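Everything below concerns the one structure shown next.
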Amino acid sequence: MKLTLKIWRQKNRNDKGAFVPYVMNDVDPEMSVLECLDVLNETLILRGEVPVAFEHDCREGICGSCGFVINGVAHGPERGTTACQLTMRHFKDGDELTLEPWRAKAFPLIKDLVVDRRALDHIIEAGGYISVSTGQAPDGNDILVGKEIADESMDAAACIGCGACVAACPNASAALFTGAKITHLGTLPQGEPERERRALSMVAQMNAEAFGNCTSIGECTAACPKEIPLEVIANMNRDYVCASFRRRDDLPTPVPPAVHRA
Amino acid sequence: MTLDAKIPSGPIQEAWAKACFDMKLVNPSNKRKHSLIVVGSGLAGASAAASLGELGYNVKCFCFQDSPRRAHSIAAQGGINAAKNYPNDGESVFRLFYDTVKGGDFRAREGNVYRLAQNSGKIIDQCVAQGVPFAREYGGSLTNRSFGGAQVSRTFYARGQTGQQLLLGAYQALERQVHAGSVTMIPRTEMQDLIVVDGQARGIVARNLLTGELTVHIADAVILATGGYGNVYYLSTNAKGSNATAIWRAYKRGALFANPCFTQIHPTCIPVSGDYQSKLTLMSESLRNDGRIWVPKKKGDSRPPNEIPEDERDYYLERRYPSFGNLVPRDVASRNAKALCDEGYGVGKSGLGVYLDFSESIARLGEKTIRERYGNLFDMYQRITDENPYKVPMRIYPAIHYTMGGLWVDYQLQSTIPGLFVLGEANFSDHGANRLGASALMQGLSDGYFIIPYTVGNYLATNKFPKVEDSNPAVQEAISSVRTKLDKLLSIKGNRTVDSFHRELGKIVWDYCGMARTADGLTSAIGKIRALREEYWKNVNVPGSGDDLNASLEKAGRVADFFELAELMCIDALDRNESCGGHFREEYQTADGEAQRDDEHYSYVAAWGYAGADAAPVLNKEPLEFHYVHPSQRSYK
Amino acid sequence: MSTAQVVSNQLPPVTFWQSTNGKKVVMAVTGVMMFGFVIGHMLGNLQMYEAPEHINAYGHFLHNLGELLWIERGIMLLAIALHILSAIQLATRSNAARPIGYSRKEAINSSYASRTMYWSGPIVLAFIILHLLQFTAGYLHPHAQFVPGDVYGNVVAGFQVWWVSAWYIFAISLLGLHLSHGLYSMFQSVGLAHPRITPLLKKAAVAISILIVLGYISIPISVLLGFIK
Ligand SMILES: Cc1cc2nc3c(=O)[nH]c(=O)nc-3n(C[C@H](O)[C@H](O)[C@H](O)COP(=O)(O)OP(=O)(O)OC[C@H]3O[C@@H](n4cnc5c(N)ncnc54)[C@H](O)[C@@H]3O)c2cc1C
Ligand code: HEM
Ligand code: SF4
Ligand code: FES
């Protein structure tokens with residue numbers, strides 16, 4: 001099939017950037033969007049042009065590397081699917097596809113479709129863990145965890161850290177990502193001792209980065225390739241509110257936000 | 001070179017405890033003064049960096065992705081083994097040890113495997129404490145399933161995302177240390193060379209993938225946990241960025257490379273659909289528990305599968321292996337599929353595929369049960385192929401999945417270069433000639449959480465570390481060799497892309513050093529690889545420059561190393577005149593086509609040493625001794 | 001090694017207010033207060049369907065509350081002020097969070113109401129101001145003389161002007177739109193949510209908003225149609 005890819009090309013952060021249309025005459029409906037870009041890049045290289053930079057690694061929807069906005073939707077039109085798993089059969093002969101990078105101040109652009117998502121790592125760094133050092137663990141069955149609890153935790157733990165939620169959110173908020181980790185750990189008895197501290201420090205870091213706020217719009221959860229439910233945000237808010245009512249003065253300071261470090 | 005694995009004498013059950021007691025300790029207040037480099041942030045690297053940080057060492061951890069959480073361990077689906085015996089079904093440390101040695105077709109070191117089995121339970125405990133949401137029973141205890149044909153249920157899992165959850169646990173532990181200031185995480189940076197000063201591994205040369213800047217990092221010891229080299233084959237279940245560069249450079253700096261030809265083919269992957277194909281997707285092995293594998297009895301039968309009547313189908317695994325049927329080990333299942341497709345019985349457009357049919361289980365158990373068991377896998381299959389596996393059989397084909405070979409290490413996980421430790425899939429240590437399902441995750445975490453924190457301490461406590469300046473000739477030489485290589489790649493500007501070379505290389509290795517190998521084939525493969533490599537260095541086109549994000553340049557460097565490694569794989573495969581595990585030499589098979597081991601001549605680890613660009617690699621042998629598990633012919637009839 | 005720690009010298013309420021999550025809680029709480037007022041006010045208004053004396057007596061009663069009335073007005077003013085202050089600060093932050101927008105962006109899941117909170121809110125505010133000026137203070141009252149104390153007469157006179165009614169209906173509909181998302185969103189903001197009750201909450205929010213809109217706009221419509229004279 002024949003397609004036109006309108007791709008955002010930008011050499012680096014200081015470059016202005018613009019859309020460049022590329023006509024592809026021989027797209028196989030079985031290929032993934034990334035394979036389509038591979039094929040385009042092969043021709044660009046042989047024509048002496050600079051290939052399109054895009055991020056990818058596992059190509060099976062689990063590492064969270066890939067992602068851009070396809071025709072106005074983060075990761076493209078299929079629900080619960082990353083860009084690397086989106087096949088071209090979802091498009092029609094003659095379609096035009098607009099590929100744009102995640103747009104958010106907290107995700108400074110690096111090149112073409114590649115952005116810097118370190119802000120997400122910072123949020124985890126601030127407290128997205130259970131403080132247990134190697135060797136300190138009791139037997140795995142010492143603390144029982146009901147199946148429903150484990151399942152609920154797993155639903156939230158499935159987040160792949162791709163950043164599509166931020167990209168899709170009209171406010172560029174990272175609430176879904178942060179809420180997912182707070183829910184994953186806070187739901188489990190193992191995460192209980194640090195629950196409030198975790199909420200305070202992760203929220204503090206989330207706010208220190210240049211993300212917007214949540215207005216419960218719900219675009220994030222629809223774009224999320226792992227369909228993380230919106231309620232994880234409520235869990236974050238609940239833990240945060242509860243924690244805020246208890247005075248705590250031993251909180252870690254947020255690390256400098258990614259936009260400033262860059 | 002004589003290879004001393006340094007396994008403590010005495011009963012195997014006590015060996016690790018004895019080794020630990022004999023190790024020298026680093027005074028707590030001195031730990032901060034020791035710097036360590038960990039390359040890789042997968043299960044092995046992240047768990048090592050976190051644990052070493054917790055101990056108080058000054059750690060730098062590197063990965064080439066934008067975040068440590070994206071290491072390819074994230075993709076493991078099935079599960080992780082542990083000798084917990086929660087199901088009360090006869091599991092024990094000894095049984096896990098036994099199964100692993102046997103599964104490895106008697107080409108693994110007993111001492112290492114026993115320790116792995118001993119550590120396995122602690123891994124589960126640690127991960128549970130970190131918040132890994134393993135599957136649970138309603139009563140709240142951990143659930144197990146059987147996996148990879150094991151007769152006991154010893155596999156722990158978190159839906160179909162076990163690797164992801166284990167890695168996130170390790171990643172979070174790592175980030176905690178980053179916050180504590182003990183670990184510095186350096187993402188988007190690729191190790192390009194190892195710095196060896198006066199015989200000790202003392203640092204690395206790394207390239208910042210965004211700016212192209214080459215930086216030198218000096219430390220007291222270097223730990224490589226850079227994963228496997230399955231991408232030699234171009235198409236594999238590995239991530240696109242998975243590479244052999246770090247271990248290959250270490251090899252060229254003097255570390256030995258063990259058993260490079262031991263690679264594993266996974267039988268249940270989604271078949272290739274076209275030339276543009278960039279990678280292969282694994283479908284969990286567990287599917288074989290309920291799916292039946294067949295091909296049409298007639299060659300080239302192009303009818304849709306549902307129109308082929310029952311008596312025109314060949315359920316070849318059930319026919320040939322009545323007692324194990326569809327659950328034969330990975331290597332056996334893969335080889336049979338390939339053989340039938342080669343004879344022309346394959347299905348699908350390319351003819352490279354066999355059916356994995358669930359219609360009978362669906363009729364017997366109901367669609368709901370099948371959906372509960374495999375729903376996410378069926379969805380993934382449908383997403384990729386646009387076929388509904390509840391209605392039509394899946395098409396599957398084998399694909400390269402894991403590399404048992406890797407840098408040679410001793411019991412301390414130290415390579416032949418003092419101060420260079422190797423963990424996880426990057427070393428060769430525990431799986432012999434064939435890895436059992438759900439044991440790679442176990443090995444990576446055992447290495448990182450429970451072995452390296454001890455053995456690195458011993459090394460640090462018993463050695464001296466004179467200051468290494470950037471002006472040191474070894475440092476300068478390493479930097480300039482990296483720069484020369486990158487400049488050369490950028491300057492060729494030929495007529496072919498890196499990918500086109502990589503694809504062609506992969507095809508050669510797959511055809512001749514893949515599922516079935518012959519002496520003739522391997523000899524001709526070596527010639528083809530050399531010729532193609534020569535062309536590569538004359539005709540590759542790497543666009544752009546070396547001072548910004550340039551994916552083609554990254555690939556070009558990796559592929560250059562794959563060429564050399566591919567040749568070593570073929571040399572090793574040619575040298576091993578027997579069939580064992582994943583290494584199947586057609587000349588060496590039993591009358592009914594099974595692998596024929598030659599314990600008399602080949603019961604050793606083949607550890608190859610680099611002898612120079614134009615010299616043949618030197619073979620060193622570490623003899624394998626079996627005191628606890630006695631080598632026998634595997635049989636699945 | 002333990003995690004690096006510093007002693008925060010900020011009072012928890014300050015930190016709370018400075019966080020986006022804290023401001024959202026403030027919006028939810030003030031939103032609920034305003035919602036309570038909206039309901040009470042509507043019930044009061046519905047007395048228009050009874051004899052004029054009823055609602056006039058009600059108005060009289062309210063005016064004679066004296067200090068209580070002013071306390072109530074003070075609280076409402078504070079709530080509105082905080083609601084608006086938070087809204088402005090959060091909006092500013094969200095705008096800054098995406099300095100470069102998309103050339104093309106599709107909404108795939110969200111309601112129209114949720115995406116327009118920052119529009120419906122200010123319009124409602126403008127309405128409230130005009131509304132107070134009209135019915136409480138008596139400025140802006142068109143045509144007929146504003147008669148302090150004659151609530152019934154003032155309302156009928158006011159709504160008989162078609163464009164007063166039209167603006168009222170429009171603004172109340174926006175209030176309904178605002179609440180149809182707000183009444184659900186506030187549960188998220190304070191952390192009371194569960195996947196099982198969310199669909200229910202969303203439906204309830206819409207249903208209540210519709211009832212409120214109907215309750216309010218029935219009056220100008222009845223006036224225009226001559227049911228209320
Ligand atoms: C699809 C799939 C499914 C699997 N399922 C299972 C399973 O169910 N059970 C099981 O036990 N095993 C499974 N395995 C095997 C197992 O996942 C791997 O063997 C294991 O995770 C490897 O871990 P690792 O830490 O050694 O390497 P990896 O996780 O591959 O990590 C390598 C790290 O090294 C870094 N790196 C690499 N090269 C460089 C360089 N030059 N410079 C800097 N950094 C570098 C990377 O950035 C990365 O962080 C599966 C494997 C695959 C591919
Ligand atoms: C009678 C008047 C009002 C009522 C009953 C009301 C009610 C609410 C409620 C319940 C919410 C949900 C809060 C949350 O999500 O936590 C909300 C949100 C909001 N309100 Fe109001 N509001 C009123 C007036 C206003 C005014 C005058 C403004 C404008 C300046 C405004 C602007 C907003 C905005 C922007 C939001 C979205 C906040 C968010 O979801 O992040 N509101 N309102
Ligand atoms: S919550 Fe969903 S969209 Fe957001 S980072 Fe995680 S997986 Fe991606
Ligand atoms: S490339 Fe890993 S999720 Fe898409």
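All values reported here derive from a predicted model rather than from experimental measurement.
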Closest non-hydrogen atom pair, [X] against [Y]:
| X | Y | answer |
| --- | --- | --- |
| A:Y240 | C:G22 | CE2-N, 4.1 Å |
| C:Y184 | A:S216 | CE2-O, 4.0 Å |
| C:R104 | A:E100 | N-OE1, 3.7 Å |
| A:E231 | C:A193 | CG-CB, 3.9 Å |
| A:M206 | C:N21 | CE-OD1, 3.6 Å |
| A:V69 | C:Y102 | CG2-CE2, 3.4 Å |

With a 4.5 angstrom heavy-atom cut-off, which part of [X] approaches chain C: side chain, backbone, both or neither?
| X | value |
| --- | --- |
| A:D239 | neither |
| A:T215 | both |
| A:C214 | backbone |
| A:C242 | neither |
| A:P101 | backbone |
| A:A167 | both |
| A:S173 | neither |
| A:F107 | neither |
| A:A104 | both |

Just checking heavy atoms, which of [range] are less than 4.5 Å from chain A?
| range | answer |
| --- | --- |
| residues 198-216 of chain C | C:T198 |
| residues 24-41 of chain C | C:K24, C:V25 |
| residues 106-119 of chain C | C:E106, C:A107, C:I108, C:N109, C:S110, C:S114, C:R115, C:Y118 |
| residues 80-95 of chain C | C:L90, C:R93, C:S94 |

Task: Heavy-atom pair count under 4.5 Å with chain C, highest-scoring of A:M236, A:E152, A:E209, A:R79 - done: A:R79
Open item on the list: Counting heavy-atom pairs under 4.5 Å with chain C, which one of A:A74, A:A168, A:P229 comes out on top?
Closed with: A:A168
- [ ] Hey, can you tell me if A:F245 and C:F16 have their rings parallel, tilted or perpendicular (30° and 60° cut-offs)?
- [x] tilted
Task: Beyond-backbone contact of A:L230 with C:Q188, side-chain heavy atoms, under 4.5 angstrom - done: yes
Task: Member of A:N207, A:N171, A:N213 meeting the side-chain hydrogen bond (donor to acceptor under 3.5 Å, both in side chains) criterion with C:T20 - done: A:N207
TODO: Select, from C:S19, C:A96, C:P99, the one with the greatest count of heavy-atom pairs under 4.5 Å involving chain A.
DONE: C:S19
TODO: Heavy atoms only, distances under 4.5 angstrom: which of C:S103, C:P13, C:S185 has the most pairs with chain A? Name it, please.
DONE: C:S103
